[in-house]
Amino acid sequence: MIDPRILRDDPDRVRASLTKRGLSADVVDSSLAADAARRAAITEFESKRAEQKAMGKQVAQAQGEEKQALLARTRTLAAEVKEADAAQAVAARAWDDALKAMPNLTAPETPAGGEEDFTVIEHVGTPRDFAAEGFAPRDHVELGQLLGAIDLERGAKVSGSRFYFFTGAGARLHRALVNMAMDMAHANGFTEVVPPSLVKPRAMEGTGFLGQAADDVYRIEGQDLYLVGTSEVPMAAFHSDEILDADTFPLRYAAFSPCFRKEAGSHGKDTRGIFRVHWFDKVEMFVYTTLEESYAEHERLLAWEREFLDALEIAYRVIDVAAGDLGLSAYRKFDCEAWIPSQERYRELTSTSNCTDFQARRLDIRMRGEDGNTPVATLNGTLCSTNRPIIALLETHQQADGSVRVPERLRPYLGGDEVLKPVNA
RNA sequence: GGAGGCGUCGCCUAGUCCGGUCUAUGGCGCCCGCCUGCUAAGCGGGUUGAGGAGUGAUCCUUCUCUCGCGGGUUCAAAUCCCGCCGCCUCCGCCA
């Protein structure tokens with residue numbers, strides 16, 4: 001949630017941010033009203049309660065008739081306290097709900113508007129020119145079949161649409177990418193983590209995935225547990241309810257976990273292959289640091305993402321994601337979009353967000369500092385999701401005969417293999 | 001799954017049987033000060049967290065909540081009752 005003080009002291013800033021995201025700014029006024037109501041209710045309750053406590057002391061010391069008289073008065077007071085307490089709880093809840101529904105502020109650099117209104121920051125590499133080379137590129141489905149790497153038919157048979165098996169070279173590639181990513185993260189000072197991929201509502205809610213995004217989240221039937229769509233969720237909740245020592249910052253974690261997404265509302269979109277699926281694996285970077293440092297750390301996360309994509313020798317561009325496409329938690333977001341030869345366009349491969357203190361407030365993660373205990377900043381970034389890099393890699397480095405050249409940095413992770421060769425002619 | 005034990009302000013701990021004097025005890029650690037050639041020791045003070053109010057800041061003053069969480073009983077709950085969660089021990093089952 002955003003800082004309530006900003007809402008109270010500078011509501012116009014919040015309104016501007018909401019408008020930039022393409023949302024109504026009416027919630028600002030209703031929230032402020034809820035805040036005023038809440039504070040009035042608290043004052044009411046506290047004065048009644050103070051009176052009750054004072055009289056309780058008199059009761060303890062009084063005797064006989066005097067005691068009976070006091071008891072008569074305290075009985076009615078007790079009822080009033082109970083009522084005031086309930087009213088206060090209701091008001092507090094209304095305020096909390098209003099605040100929790102409000103998205104984070106946005107960075108000045110973040111472009112206004114929706115999905116199409118991003119700013120391109122940089123192009124890296126050049127898309128391969130297959131026409132000049134004299135052959136039409138196969139898409140990853142075809143390549144996956146030739147290489148015996150991806151089994152979509154059996155995926156559908158066993159688990160349904162948007163499922164698949166990685167087999168042979170595909171499974172090896174998957175393992176190679178994850179290992180390379182983890183080695184890079186380790187070399188860059190990250191602590192490796194394998195988090196649980198089932199979490200309680202608090203973790204989902206705290207990371208901002210139970211609002212509008214709830215439709216995309218799998219819930220375990222009969223239990224209060226959710227399957228995570230990214231290890232950002234368990235990693236943000238990792239330090240929930242803790243007061244951290246700022247001397248240990250930045251806390252950098254690289255977490256490997258499966259990711260589950262219902263992909264509700266994307267029927268008919270990206271139905272071919274393993275581009276948009278209900279499950280994939282991912283190595284996610286997650287950082288806790290100070291608000292002041294978060295902006296520079298965000299750039300560092302982007303640099304590490306780029307280092308990984310560079311190792312795959314694929315062409316990509318970096319975009320500054322527009323406000324309407326930030327999601328609830330992000331203040332600023334960079335996506336790296338790789339060139340997918342079969343689609344002849346750039347598609348999102350990695351994404352890094354600075355969530356500032358938005359998630360930390362929801363999850364009660366603070367740091368001890370000069371100005372008391374203040375919320376920390378959280379950031380996340382994809383180091384390596386498994387599917388889309390495999391798509392980009394197979395399609396980019398394919399050769400006319402259907403074999404695929406392995407980028408040099410990846411070779412040590414594939415037993416030194418320089419080429420993946422077709423097994424199904 | 002069954003039985004039992006435990007959960008107190010960073011850590012340890014007193015208090016719970018028998019409700020009010022708990023504004024939660026003491027120790028360790030930490031912070032500030034005094035003392036001292038220096039260090040240690042010693043002495044004094046401070047040290048849970050959150051949310052309100054008081055001339056909208058810091059400070060200060062004051063109040064409320066916080067003894068795993070949520071209810072209940074009562075004028076009054078760390079203390080009594082119920083439910084839940086977590087940890088530990090034992091039994092059963094099982095990768």
Side-chain angles (χ1 to χ4, degrees), chain A residues 1-14 28 31-100 194-206 220 222-226 234 237-249 251 288 291 357 359-376:
Chain A
M1 64 182 90
I2 62 170
D3 186 344
R5 268 185 319 201
I6 292 177
L7 185 66
R8 286 197 278 259
D9 300 343
D10 194 4
D12 281 342
R13 186 177 163 202
V14 181
V28 170
S31 296
L32 287 172
D35 185 30
R38 164 185 151 269
R39 290 198 275 177
I42 286 173
T43 302
E44 170 71 10
F45 163 72
E46 288 186 353
S47 68
K48 291 266 191 243
R49 177 64 178 154
E51 191 183 345
Q52 183 189 36
K53 285 179 73 167
M55 289 191 73
K57 281 195 178 123
Q58 294 176 41
V59 170
Q61 284 159 10
Q63 297 291 327
E65 271 180 40
E66 190 193 354
K67 185 158 187 166
Q68 291 312 310
L70 281 170
L71 283 179
R73 286 176 57 199
T74 50
R75 252 186 279 273
T76 55
L77 191 55
E80 288 175 25
V81 167
K82 199 168 178 177
E83 199 179 325
D85 188 22
Q88 175 262 127
V90 168
R93 180 64 187 271
W95 158 246
D96 198 52
D97 286 350
L99 205 56
K100 285 237 171 89
V194 180
S197 40
L198 281 166
V199 297
K200 298 198 269 192
R202 171 94 194 284
M204 271 295 169
E205 206 277 326
I220 303 297
Q223 285 197 292
D224 228 359
L225 287 174
Y226 295 89
F238 188 58
H239 286 300
S240 55
D241 298 323
E242 293 181 26
I243 301 175
L244 303 170
D245 184 353
D247 292 344
T248 63
F249 285 173
L251 289 173
Y288 295 86
L291 196 55
D357 55 357
Q359 293 176 330
R361 282 180 193 282
R362 298 175 147 230
L363 290 165
D364 209 7
I365 308 164
R366 290 163 290 162
M367 51 172 253
R368 249 176 255 287
E370 304 272 309
D371 326 311
N373 300 323
T374 53
V376 305

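Numbers restart at 1 for each chain; the letters A, B, ... are given by sequence-line order, proteins then strands.
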message: Working to the nearest 0.5 angstrom, can you tell me the gap between A/Leu244 CG and A/His239 NE2?
response: 5.5 Å
Closest-nucleotide ordering on RNA chain B, the 5'-leading residue of A/Lys200 and A/Phe45: A/Phe45
task: Give one of base, sugar-phosphate or nothing for A/Ile42, where a contact means two heavy atoms less than 4.0 Å apart.
output: sugar-phosphate
query: Taking a pair as Watson-Crick or G-U wobble with both distances under 3.5 Å, which nucleotide is matched to B/U79?
result: none
query: What's the closest nucleotide to the A/Glu46 side chain, out of B/G51, B/C65, B/A53?
result: B/G51
- request: Tell me the partner of B/A95, counting only Watson-Crick (N1-N3 plus N6-O4 or O6-N4) or G-U wobble (N1-O2 and O6-N3) with both under 3.5 Å; none if nothing fits.
  value: none
Distance, C1' atom - from B/G26 to B/C87, rounded to whole angstrom: 26 Å
statement: The side chain to side chain contact (heavy atoms under 4.5 Å, CB included) partners of A/Thr248 (sequence neighbours excluded) come to A/Asp245, A/Leu251
query: Less than 4.0 Å between a side-chain N and a carboxylate O, is that true for A/Arg361 and A/Asp357?
result: yes
message: Between B/G92 and B/G83, how far apart are the two C1' atoms, rounded to whole Å?
response: 26 Å
field: Side-chain (A/Arg362) to main-chain (A/Lys100) donor-acceptor, under 3.5 angstrom
entry: yes
query: Can you tell me how far P in B/G70 sits from the matching atom in B/C75, rounded to whole Å?
result: 23 Å
- prompt: Which ones in residues 48-55 of chain A lie close to RNA chain B, meaning a heavy atom under 4.0 Å from one of its atoms?
  reply: A/Arg49, A/Ala50, A/Gln52, A/Lys53
message: Using Watson-Crick or G-U wobble geometry with both distances under 3.5 Å, which nucleotide pairs with B/G4?
response: B/C88
task: Starting at atom CZ of A/Arg202, determine the distance to atom P of B/C84, rounded to an integer number of angstrom.
output: 22 Å
- request: If B/U62 has a Watson-Crick or G-U wobble mate with both distances under 3.5 Å, name it; if not, just say none.
  value: B/G52
field: Base-pairing mate for B/U36 - Watson-Crick or G-U, with both contacts under 3.5 Å
entry: none
query: If we take the P atom in both B/C82 and B/C17, what is their distance in whole Å?
result: 15 Å
task: May I ask you to decide whether A/Asp96 forms a salt bridge with A/Arg93, counting only side-chain N to carboxylate O separations under 4.0 Å?
output: no
- prompt: Within the structure shown, what part of the strands sits under 4.0 Å from A/Arg366 by heavy-atom distance: base, sugar-phosphate, or nothing?
  reply: sugar-phosphate
Gap in Å between the two P atoms, one belonging to B/A41 and one to B/C30, rounded: 10 Å
task: Please work out if A/Asn373 contacts a base, only the sugar-phosphate, or nothing of the nucleic acid, heavy-atom cut-off 4.0 Å.
output: sugar-phosphate
field: Distance-only donor-acceptor check, side chains A/Arg49 and A/Gln52, under 3.5 Å
entry: yes
message: By nearest heavy atom, map A/Ser47 and A/Arg368 onto RNA chain B; which one lands nearer the 5' end?
response: A/Arg368
- prompt: How many Å lie between CG on A/Asp364 and P on B/U66, as a whole number?
  reply: 17 Å
query: Between A/Ile243 (CD1) and B/U47 (C1'), how many Å, whole number?
result: 13 Å
query: Looking only at atom P, what distance separates B/U79 and B/C18, rounded to whole Å?
result: 14 Å
- prompt: Are OP1 or OP2 of B/C75 and a side-chain N or O of A/Arg73 less than 4.0 angstrom apart?
  reply: no
- prompt: Using the P atom in both, what is the distance from B/G71 to B/A78, to the nearest Å?
  reply: 15 Å
field: Separation of atom CG in A/Asp245 from atom P in B/C31, rounded to whole Å
entry: 12 Å
message: Measuring to OP1 and OP2 of B/G71, would you say a side-chain N or O of A/Lys82 lies under 4.0 angstrom away?
response: no
message: Quick check: closest heavy atoms across A/Pro234 and A/Pro196, and the distance to 0.1 Å?
response: CG-O, 3.5 Å
Rounded C1' spacing from B/C67 to B/G49 in Å: 13 Å
